[in-house]
Amino acid sequence: MKIGFDSKKYLKLQRDKIREKIKKFDKLYLEFGGKLVDDYHAARVLPGFMPDIKIKLLQELKDEAEVILCINANDIERNKIRADRIISYDMEVFRLIEFLRGVGITINNVVITLFNNQQGVNQFINKLNDYNVTSYIHTFTKGYPTDVDTIVSEEGYGANPYVKTSKPLVVVSAPGACSGKLATSLSQLYHEYKNGVKAGYAKFETFPVWDLPLKHPVNIAYEAATADINDKNMIDYFHLEKYGVTAVNYNRDLEIFPVLKEILFKITNENVYYSPTDMGVNVIGKCIVDNDVIVEASKDEIIRRYYKAMVDFKKGLVDKEVPNRIKILMNELGISENDRIVATKALEKKKSSGKPSACICIGKKYITGRQTTLLTPISSTIINAIKYLTKIPDDVDLLSPKILEPILKLKDKTLNFKEYTLNLNEVLLALSICSVTNPIITKSLDNLSKLNGCQLHATYIIPDIELQILNNLGINSTCDPEANIK
């Protein structure tokens with residue numbers, strides 16, 4: 001993989017930038033936008049960016065930092081799913097708690113925002129108690145967003161309980177967007193100033209990158225990633241007016257900034273920031289080492305987002321406007337679905353075989369698979385891929401049909417699953433069992449790690465169970481919005 005981003009440089013610059021901001025206050029509330037753990041979007045558009053780099057950053061700051069997690073009560077009630085991991089937001093909170101504690105980062109508090117007696121919240125709180133995590137209930141802020149006098153009063157932020165923290169850096173994060181991070185941060189500022197603590201607020205957003213051009217593919221890829229909430233990149237006109245410097249931000253931050261500025265002034269009695277860009281600590285633009293690599297990777301990501309949006313539309317998860325927005329972005333860059341070669345190769349395989357198919361690209365090699373009497377197209381393709389990496393001839397079976405047929409019979413006759421092929425999970429389990437007595441299979445399974453970063457496409461909607469495994473293997477997969485195979 002060609003590298004376009006210097007993670008080592010980024011880690012140092014980002015740490016120093018945050019510490020510089022901490023020094024200005026007694027306590028800094030730093031809102032973390034995007035994914036705290038497993039930031040695969042950033043890794044895809046910035047080849048060289050480590051998905052866990054934010055955790056590495058917090059580990060370097062762990063003596064100074066603790067984390068507050070926020071979750072919207074509505075997301076608990078409707079069981080909202082984090083698409084890249086196929087996990088609900090509430091379960092993601094517990095995953096984050098375990099992960100952060102496992103790497104030595106303090107996390108003792110969770111704020112449940114916009115509470116209005118939603119179902120499932122009490123059960124969620126009980127489970128937090130089992131984790132020895134204190135939960136805090138925040139309701140809708142009275143007066144928000146227009147009545148600043150009410151917002152910054154005992155009826156507004158004062159109605160929220162104060163979250164007890166003890167370190168100079170408080171990272172406010174969440175399992176996804178619209179979880180109430182900003183409201184939680186400002187509520188904390190209100191209480192801190194009441195208690196005589198000079199606290200500050202800043203924002204750590206990975207995207208859009210403020211010092212890249214508005215229409216740079218990295219920034220357009222961010223728009224594609226947030227097409228479901230209709231985020232739009234814009235020139236930060238506040239920043240341009242104050243400093244004469246062009247900077248990129250997005251519509252929601254620009255729209256809310258006048259209110260936010262007034263709220264901060266009401267709390268702190270001073271103008272801390274003059275633009276949304278002032279609030280940020282992003283140094284990504286300074287760590288790009290090969291712009292051509294970044295541009296190409298970002299274009300690929302936009303096309304992947306389009307395929308995903310089309311699938312989500314097919315499933316009824318989004319309206320047609322979402323893929324349409326991404327299609328407009330693709331048109332701006334002069335790219336289309338046809339530029340995803342792995343997709344065209346999968347379609348060619350489908351036409352030649354007459355069966356649902358898939359294709360994976362390893363380096364410059366395109367490897368296909370189709371549905372068989374025993375295997376799903378994904379299973380076939382992954383087996384063919386690891387056979388290629390292990391230098392096993394095409395006409396040699398990695399798994400004998402005599403091994404696979406009893407598994408299929410068990411599913412059909414005994415377990416009554418009525419599934420006529422074996423999915424990737426089942427095939428990998430079978431390979432794992434057979435590896436005990438077959439060193440060639442052991443070597444093949446070791447080569448699974450070499451699929452990390454590879455591109456894959458299927459001619460049908462990939463079932464969640466296989467999609468999760470592909471994600472775990474680090475394979476960047478897309479699929480056509482066609483009904484699942486039977």
Check: Restricting to pairs with a member in residues 117-141, which pass ring-ring contact (aromatic ring centres under 6.0 Å, His included), not counting sequence neighbours?
Finding: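 Checked against ring-ring contact (aromatic ring centres under 6.0 Å, His included) - neighbours excluded - the pairs reaching residues 117-141 are Phe94-Phe124, Phe94-Tyr131.
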[X] vs [Y] aromatic rings, parallel, tilted or perpendicular, using cut-offs 30° and 60°?
{"X": "Tyr274", "Y": "Tyr243", "answer": "perpendicular"}
{"X": "Tyr190", "Y": "Tyr157", "answer": "tilted"}
{"X": "Phe32", "Y": "Phe204", "answer": "perpendicular"}

Check: Would Glu155 and Lys142 pass as an ion pair if we require N to O under 4.0 Å?
Finding: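 Here Glu155 pairs with Lys142 in a salt bridge, since their nearest N and O are under 4.0 Å apart.
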Without hydrogens or angle criteria, can the side chains of [X] and [Y] be said to hold a donor-acceptor pair below 3.5 Å?
{"X": "Glu223", "Y": "Tyr250", "answer": "no"}
{"X": "Asn74", "Y": "Gln118", "answer": "yes"}
{"X": "Asp231", "Y": "Tyr222", "answer": "yes"}
{"X": "Lys54", "Y": "Ser173", "answer": "no"}

Next item on the list: Output all residues satisfying side chain to side chain contact (heavy atoms under 4.5 Å, CB included) with Ile22, sequence neighbours left out; order by chain, then residue number.
Entry: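 Only Ile18, Leu28, Glu64, Pro168, Leu169 meet the side chain to side chain contact (heavy atoms under 4.5 Å, CB included) criterion with Ile22.
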Next item on the list: Would you check if the side chain of Thr134 reaches a backbone N or O of Asn109 as a donor-acceptor pair within less than 3.5 Å?
Entry: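 Side chain of Thr134 to backbone of Asn109: no pair is present.
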Note to self: Keeping Asn251 on the side-chain end and Lys232 on the backbone end, is there a donor-acceptor pair under 3.5 Å?
What the structure shows: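 Side chain of Asn251 to backbone of Lys232, a donor-acceptor pair under 3.5 Å: yes, one is there.
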Item checked: Point-to-point distance, once rounded to the nearest 0.5 Å, from OG1 of Thr141 to CG of Leu186 ->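 Going from the OG1 atom of Thr141 to the CG atom of Leu186 covers 8.5 Å.
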Checklist line | Neighbour count >12 (heavy atoms, 6.0 Å) for atom NZ, Lys27 | finding: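 Counting other residues, nucleotides and ligands, NZ of Lys27 exceeds 12 neighbours.
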